[in-house]
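To start, the structure itself, in structure tokens.
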Number of protein chains: 2
Amino acid sequence: MSTAEETAGGEAQAWGEVTPDAARRLLIAAVEAFAERGYHATTTRDIAGRAGMSPAALYIHYKTKEELLHRISRIGHEKALEILRTASRREGSPTERLADAVSSFVRWHAGGRTTARVVQYELDSLGPDARAEILALRRQVDAEVRGIIEDGVRSGEFEVIDVHGTTLAVLSLCIDVARWFNVDGPRTPEEVGALYADLVLRMVGAGASAAASQK
Amino acid sequence: MSTAEETAGGEAQAWGEVTPDAARRLLIAAVEAFAERGYHATTTRDIAGRAGMSPAALYIHYKTKEELLHRISRIGHEKALEILRTASRREGSPTERLADAVSSFVRWHAGGRTTARVVQYELDSLGPDARAEILALRRQVDAEVRGIIEDGVRSGEFEVIDVHGTTLAVLSLCIDVARWFNVDGPRTPEEVGALYADLVLRMVGAGASAAASQK
DNA sequence: GCCGAAGGTGAGCGAGCGCTTAGCGTGGCC
DNA sequence: GGCCACGCTAAGCGCTCGCTCACCTTCGGC
């Protein structure tokens with residue numbers, strides 16, 4: 001999971017579950033194209049071309065162009081949820097769990113920026129049914145982070161007045177990394193993850209009663 | 001400036017400078033359409049229709065569809081920059097100036113969500129020249145916020161290790177409001193502005209040496 | 001009361017879109 | 001070795017896109 005993953009164009013990562021091979025190649029091509037140009041500006045000819053196939057080949061594996069986006073979005077959201085769940089359910093104090101959640105969530109958004117961009121910013125391009133399905137996953141993502149913050153408030157480690165609003169802000173901060181992060185920029189995903197974990201701990205008031213920006 | 005501005009569909013606000021009247025109506029129609037569907041998914045027929053005109057009328061006032069986006073983006077960024085400059089150059093401590101900057105910047109993103117969405121998220125739909133012009137404005141926006149944070153660090157009010165990274169995070173947090181804010185949701189723009197000002201002051205460590213989350 | 005500019009329309013252009021269909025090559029099975 | 005299912009392609013259909021063009025209306029200046 002934290003082995004040599006993606007950096008620039010590759011980012012093949014978690015698409016291993018998609019079979020057969022041609023369908024996976026098309027999906028990866030679609031992710032790259034959607035991230036670069038946006039869903040609506042991407043043509044099926046472009047996707048097929050990137051995958052080294054003719055335009056018609058796409059329709060053997062997917063019913064429509066939207067189905068491609070739907071599949072990408074669902075797999076991406078499931079991955080994001082898994083990352084947060086892992087951090088949330090490990091043992092440790094709320095402070096440690098929140099720092100872990102934020103830093104790994106941010107690393108995913110920065111390192112897999114291509115995928116994350118599509119997952120987080122092309123939601124409105126989905127039809128109503130697919131959109132509703134994805135929104136249910138997003139509510140689970142929200143609940144996971146809110147759970148950690150509530151734990152911290154309960155234990156007295158955090159000092160938060162508006163738990164819902166703060167949860168929203170924390171997630172918003174992490175998600176927006178996919179918009180601005182530049183692979184050629186001065187920061188590595190790990191550095192941004194560490195910086196953001198520190199900033200988020202400050203936001204929830206961790207370390208107001210104890211020293212917390214260690215590690 | 002803080003009079004009864006926009007709430008839902010209206011949001012006519014700062015487009016007063018655009019003349020003649022027909023050109024302004026087209027511009028407002030374009031903002032609404034771009035915000036709703038995205039630039040690439042919006043048709044010139046849709047824009048003209050919303051403005052109560054025929055598709056051809058658009059080309060009397062604008063050379064291309066992209067020129068509409070360019071104009072919207074430039075006016076929007078100038079407005080955003082003006083808001084931050086006003087907060088940055090008023091008198092007061094860095095803490096007060098930063099809180100003012102964040103809360104007014106957030107209010108603009110939440111209240112004028114329609115406009116802000118287009119301004120912040122359709123940048124990539126511009127051609128290279130227009131894009132470069134807008135990016136120059138964004139660097140000024142960044143510099144304005146960084147200036148306040150640097151002042152706070154210098155005066156000892158703030159405790160920030162990575163000034164550039166923290167500036168980026170603060171701006172990112174504010175900008176992303178345009179993505180998730182819902183006019184029909186439970187929070188008013190003013191409430192989000194106040195919450196975010198508090199969160200940002202925590203992020204920069206204001207009140208670590210003095211009480212700061214007052215007001 | 002005529003005239004030209006300004007601002008608008010209806011029809012339609014070439015291009016490119018998402019998607020379909022007829023047919024081709026190939027490898028596994030009897 | 002004949003057969004057929006599978007994966008794929010070349011060609012192209014119907015449609016809608018951004019944008020243009022020929023023409024129409026309105027209105028202030030003289």
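Naming convention: chains lettered A, B, ... in sequence-line order (proteins, then strands); numbering from 1 in each chain.
- In this structure, OG1 in B/Thr42 is found 6.0 Å from NZ in B/Lys65, a value given to the nearest 0.5 Å.
- Atom pair A/Arg45:CZ and D/dA10:P shows a separation of 13 Å (rounding to whole Å applied).
- Nucleotides of DNA chain C that come within less than 4.0 Å of any heavy atom of chain B span, from the 5' end to the 3' end, C/dG8 to C/dG12.
- Formation of a donor-acceptor pair under 3.5 Å by the B/Arg107 side chain with backbone atoms of B/Glu190 is not found in this model.
- Listed by first and then second residue, the ring-ring contact (aromatic ring centres under 6.0 Å, His included) pairs involving residues 35-56 of chain B are B/Phe34-B/Tyr39 (not counting sequence neighbours).
- In this structure, the NZ atom of B/Lys65 is 12 Å from the C1' atom of D/dC19, given to the nearest Å.
- Salt bridge present: A/Asp124 and A/Arg131 bring a charged side-chain N and a carboxylate O closer than 4.0 Å.
- Ranked by how close their nearest DNA chain D nucleotide is to the 5' end, B/Thr43 and A/Pro20 are led by A/Pro20.
- We find that OH of B/Tyr62 is positioned 19 Å from C1' of D/dT20, with the value rounded to whole Å.
- Here the C1' atom of nucleotide D/dC21 and the CD1 atom of B/Ile60 are 12 Å apart, to the nearest Å.
- As rounded to whole Å, 11 Å separates atom C1' of D/dG7 from atom CZ of A/Arg25.
- Using cut-offs of 30° and 60° on the angle between ring planes, the pair B/His109 and B/Phe105 is perpendicular.
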Please list every donor-acceptor pair under 3.5 Å in which a side-chain atom of residues 50-59 of chain A meets a protein atom from a residue at least two apart or in another chain.
{"from": "A/Arg50", "atom 1": "NE", "to": "A/Asp46", "atom 2": "OD1", "distance (Å)": "3.2"}
{"from": "A/Arg50", "atom 1": "NH2", "to": "A/Glu36", "atom 2": "OE1", "distance (Å)": "3.0"}

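- A ring-ring contact (aromatic ring centres under 6.0 Å, His included) check over residues 111-142 of chain A, counting only residues at least two apart or in different chains, returns the pairs A/Tyr121-B/Tyr121.
- DNA chain D lies under 4.0 Å from at least one heavy atom of each of the following residues of residues 51-59 of chain A: A/Met53, A/Ser54, A/Ala56, A/Ala57.
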Check: residues 161-168 of chain A side-chain donor-acceptor pairs under 3.5 Å, at least two apart:
{"from": "A/Asp162", "atom 1": "OD1", "to": "A/His164", "atom 2": "N", "distance (Å)": "3.3"}
{"from": "A/Asp162", "atom 1": "OD1", "to": "A/Gly165", "atom 2": "N", "distance (Å)": "2.7"}
{"from": "A/Asp162", "atom 1": "OD2", "to": "B/Arg187", "atom 2": "NH1", "distance (Å)": "2.9"}
{"from": "A/Thr166", "atom 1": "OG1", "to": "A/Asp162", "atom 2": "O", "distance (Å)": "2.7"}
{"from": "A/Thr167", "atom 1": "OG1", "to": "A/Val163", "atom 2": "O", "distance (Å)": "2.7"}

